[in-house]
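Data first, discussion second: the structure below is written as structure tokens.
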Amino acid sequence: MPHIHFNQILVFSPITHMQMAWAQPDDEQAQGLTSPAYWQKLAKIIESACFDGVFFADTMSVPDDLADGARVAMQLGAQYPRQDPFALIPIMAAVTRYLGFGVTLSTAGTPPFLAVRRLGTLDNLTGGRVAWNVVTSHVGGDFRALGLTQLGHDERYDQADEYMEICYRLWDAFPRDAIVADRGKKIFVDADRVNKVEYEGKYLKCHAYPVTMCSPQGRPLIFQAGQSGRGMHFATTHADAIYALQPRIESMARFVKNIRAASHDIGKTNEPKVFFGIQPVIGGTEAEALQRRQELADAIPIEAGLNRLSGMIGIDLGKYDLDLPLENIETNASRGLLAATLDSIEGRAPTVREAALHWGMSYGMAQMVGTPEQIATKIENYWRESGCYGFNISPTVSPTSIIDFAEQVVPILQKRGLMRTEYADTTFRGNLSQ
Ligand SMILES: Cc1cc2nc3c(=O)[nH]c(=O)nc-3n(C[C@H](O)[C@H](O)[C@H](O)COP(=O)(O)O)c2cc1C
């Protein structure tokens, strides 16, 4: 029987998505900047809840699109400092056996040869538990930090198509069973089975033998999150799974339908599995949950939300009247996320203030507020009505909100037969597919 799949979203910074989470008295994530024990504790909790994986969202630079943006981000600890999530995977994998690890790596800044090597090394060390969230970097600051020129919105995806082609060729060129390790014959790798990749494209080239063999899951699982027309085409072409953000159940259902149609158009039979980001806020009673949500929201200054939203659109929203509707601004950054934000309130566009508050709290994700029972029911309804494959859960306060979900919501879903009670496989690909 099909069941709901879950990943836990995390960011290697003092907060994940909720601004000012670090300032809540029971939040421990800031300690995680220097503490492997914090991440190992999370990994064990998340595996005990039978989630498919952890999903590390990441951008490389500090948002500097508001006039004083970098300063605001620093002062508010708004995903700042921001460390490299690759470093956490061996730490978390060492205390788990089944949990998968999705990690974001941009097609800007790291040549595909090195991406295949870094991801492949981790995939081998974890026994096939790595997924790659392929991003093309919508944040202008990432390019300025790397000394690169940002390509236009659609052209970034054209370049990324070439990037993926090189990765596929490198993965296919070194099958796992090319390693024979025959002591008698003194042959470690059967050199006839490893091929040289020769690729010359418009944007990228690679002439090399791959240096990492395939893992037990073949190649790393591919996640993607492009939501514009060109972004969806890229995602349906390459991704095993899509991480999407839609603020309402109706837009979620529309998104899943669009992905099915786009997959059909390119003749893809195994369409990508869609995961929607959601942020639960749990309380003993509905009133308690609503009060908790309000307390958390009240602790977030408007600048924090504006900063996030400006970074996503690539335009300084500080210059706009906060009480006028957010416009459909022409952006070279994330067109998909802007469209989702404009659709967050039924029948009208949100004001800049409403959108900023939403972004400050949940990065624009749908929130589910209520008792564990109510949240389980909402998740089931969203899953059934949208046709999605599962959800990426974004925490509020860490680790308490992660523990609350694992201990209070997961058992209800398991009792209803909507979630697995044990893992089906030891690879990310294996668990995602069952
Ligand atoms: C749910 C979601 C999560 C995303 N996470 C990241 C991320 O962690 N890092 C990043 O650089 N971009 C991230 N993005 C941005 C997308 O990868 C993409 O570059 C951006 O949305 C622009 O493409 P689009 O206009 O096709 O949507 C995310 C987008 C969505 C919708």
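Both ligands and their constituent atoms are indexed starting at 1 by order of listing. These numbers come from a predicted model, not from an experiment.
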Please work out which of the three classes, parallel, tilted or perpendicular, describes the rings of H17 and Y363, given edges at 30° and 60°.
parallel

Exercise. Below 4.0 Å from any atom of ligand 1, is there a heavy atom belonging to R156?
Worked result: no

min-distance protein heavy atom vs atom 12 (N) of ligand 1 -> H138 CE1, 3.3 Å

Under 4.0 Å from one or more heavy atoms of L337, ligand 1 contributes atoms 29 (C), 30 (C), 31 (C)

Checking heavy-atom distances from atom 19 (O) of ligand 1 to each of V11, T136, L245, the winner is T136

So the atoms of ligand 1 within less than 4.0 Å of a heavy atom of R335 turn out to be 25 (O)

How are the rings of F234 and Y157 set relative to one another: parallel (under 30°), tilted (30 to 60°) or perpendicular (over 60°)?
-> tilted

request  = Evaluate the criterion side-chain contact (heavy atoms from CB on, under 4.5 Å) for residue pair Q227 and R335; output intermediate values, then yes/no.
outcome  = CA-CA 7 Å; Q227 295 204 156; R335 291 184 192 159; over 6 Å; no

Among D58, T107, L105, the residue with a heavy atom nearest to atom 7 (C) of ligand 1 is D58

For atom 6 (C) of ligand 1, the closest protein heavy atom turns out to be V135 CG1, 4.1 Å

query = Does the gap between the ring centers of F428 and F101 come in under 6.0 Å?
reply = no

For H153, the ligand 1 atoms with a heavy-atom partner under 4.0 Å come out as 23 (O), 24 (P), 25 (O), 26 (O)

* **Aromatic contact, F56 with F12 (centres under 6.0 Å)** => no

- [ ] Before giving the answer on side-chain contact (heavy atoms from CB on, under 4.5 Å), spell out for L105 and V135 the whole-Å C-alpha distance, their side-chain angles and the decisive distance to 0.1 Å.
- [x] CA-CA 6 Å; L105 180 69; V135 298; over 6 Å; no

Taking CZ in R117 as the centre, count heavy atoms belonging to other residues, nucleotides or ligands within less than 6.0 Å. Is the count above 12?
no

Looking only at protein heavy atoms, what sits closest to atom 26 (O) of ligand 1 is S228 OG, 2.5 Å

Sorted by chain and residue number, the side chain to side chain contact (heavy atoms under 4.5 Å, CB included) partners of Q367 (sequence neighbours excluded) come out as Q279, V281, R293, M361, S362, V369

The answer for which part of Y157 has a heavy atom under 4.0 Å from ligand 1 is side chain

among protein heavy atoms, the one nearest atom 21 (O) of ligand 1 is S334 OG, 2.6 Å

min-distance protein heavy atom vs atom 3 (C) of ligand 1 -> Y243 CE2, 3.4 Å

Can you say whether the rings of Y423 and Y98 are parallel (under 30°), tilted (30 to 60°) or perpendicular (over 60°)? parallel

Between Q227 and ligand 1, is there a nitrogen or oxygen pair with a distance under 3.5 Å? yes

- [ ] Indicate yes or no: does an N/O atom of Q224 lie under 3.5 Å from an N/O atom of ligand 1?
- [x] no

Looking only at non-hydrogen atoms, the one of G336, A57, A340, A225 nearest atom 16 (C) of ligand 1 is A225

- Task: Return a yes/no value for T59: is any of its N or O atoms, backbone included, closer than 3.5 angstrom to an N or O of ligand 1?
- Result: no

Review point. In terms of the angle between their ring planes, are F255 and F276 parallel, tilted or perpendicular, with boundaries placed at 30° and 60°?
Key: perpendicular

Ligand 1 to G226, heavy atom cutoff 4.0 Å, flagged ligand atoms 26 (O), 27 (O)

One finds that the ligand 1 atoms under 4.0 Å from a non-hydrogen atom of G231 are 26 (O)

Verdict with reasoning, R156 to F143, per side-chain contact (heavy atoms from CB on, under 4.5 Å):
CA-CA 12 Å; R156 292 201 294 276; F143 291 87; 4.1 Å; yes

| said: Please determine whether any non-hydrogen atom of Y363 lies less than 4.0 Å from an atom of ligand 1. | reply: no

Begin from the C-alpha positions of F275 and Y389 and carry the test side-chain contact (heavy atoms from CB on, under 4.5 Å) through to its verdict. CA-CA 6 Å; F275 286 78; Y389 199 71; 3.8 Å; yes

